[in-house]
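Accompanying notes for the structure given below.
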Amino acid sequence: GMASMFAQAWEVGSRAFSRVVQLDPTHGEGWANLSGVYQRANEPRKAFHAMEQALKFKREAWRMWENFLYICMQLGELEQAMQALRNKIQYNNAQAQENDADPRVLYALVTHLNNLLKAVRELDPSDTSPDAKALERKAVRFESTLTNLFDFITARITTNPEVWDAHAQLLKIKGAPALSIVESVLKRARAARKPNWEQEASLFEGVADSSLALATELDDIEAVAVGAGDTSVSAAFATLRPSILLLLNSVVARSERFFEDSPKRAELVELVARLEERTASVAAAAASADASDSGASGADAGAGAAESSV
């Protein structure tokens, strides 16, 4: 069997490993090798079933879960893919690594949820057919499972910026509060700051992109809120805004030496200036409002005293 795999003789290999699992149906490695042969022979459905059998006997083999994950993604078996990803991380020596959660998988799962929710929104409100109800149930179940998966991943993997980016996209799709979304984008920006990022172009690109995403997210949210006269957004971001501006100004300062002429850095400088200007404007408006309230309170107190004396 192994010799046939090295020789890429997939048909011979499938016969050999089929014989192995016939002789010993509990041979986990035999099932896994049979799955691998089927996968290389472009028979993913057979590979799927063989790996299911393998995992019955090798449940804690994280590499098998990883292989099963990609088979599931290829077949569109996304519910099983989410479980496979969770188990892969869980059984990888109980020590989650930065690259354990493949961002391509996460983005694909988030995109699928987005498509499901869009399909539900496009349903005729009067449609009570079994198919419509089934679609609604599927969307609810998938959203719940994916949300739980991200909770599991982000509790263990905190240094992969793409994980946080995918998480922020999930929150947007779900219509989460703006503060929650910005917190995830902020975590992405922090995670992107790898050692020597201010000197290496490839690392700087990641920091610049994540910092721009953070600045743009906050700028868009606050611009809409200010335009609508909604002061609750500024209040909600009161404690988070200083941390964001500190991080963004740090990126601007530390990238100046090697990337002063970068268009992305120039865009970030402009965005940071706009955010700081709005922060100062909001603070001034708040101070003015407090002063007005204090003046009104003083006038009311004075009037009360005058009435008492009369």
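On a predicted model such as this, the values are computed, not experimentally measured, just so you know. Note that the numbering runs from 1 along the sequence shown for the chain.
In this structure, Leu247 and Val251 have side chains that are in contact, with non-hydrogen atoms separated by less than 4.5 Å. A heavy-atom distance below 4.5 Å is not found between the side chains of Trp65 and Ile89.
Between the Trp164 side chain and the Thr158 main chain, a donor and an acceptor come within less than 3.5 Å of each other. For the pair Ser250 (side chain) and Leu246 (backbone), a donor-acceptor distance under 3.5 Å is absent. Between the side chain of Ser144 and the backbone N or O of Val140, no donor-acceptor pair lies under 3.5 Å. A donor-acceptor pair is defined here as one N or O able to donate and one able to accept, closer than 3.5 Å; such a pair exists between the side chain of Thr216 and the backbone of Leu212.
Arg45 has a carboxylate O that lies under 4.0 Å from a charged side-chain N of Glu77, or vice versa, which qualifies the two as a salt bridge. In this structure, Arg278 pairs ionically with Asp219, as a charged nitrogen and a carboxylate oxygen lie closer than 4.0 Å.
Pairs passing the ring-ring contact (aromatic ring centres under 6.0 Å, His included) check and including a residue from residues 36-58, sequence neighbours excluded, read Phe48-Phe68.
In this structure, a donor-acceptor pair under 3.5 Å is present between the side chains of Asn87 and Gln83.
The two residues Gly28 and Met64 come nearest to each other via the heavy atoms O-CE, 4.0 Å.
For the pair Arg86 and Phe152, the cation-pi test (distance below 6.0 Å, angle within 45°) is passed.
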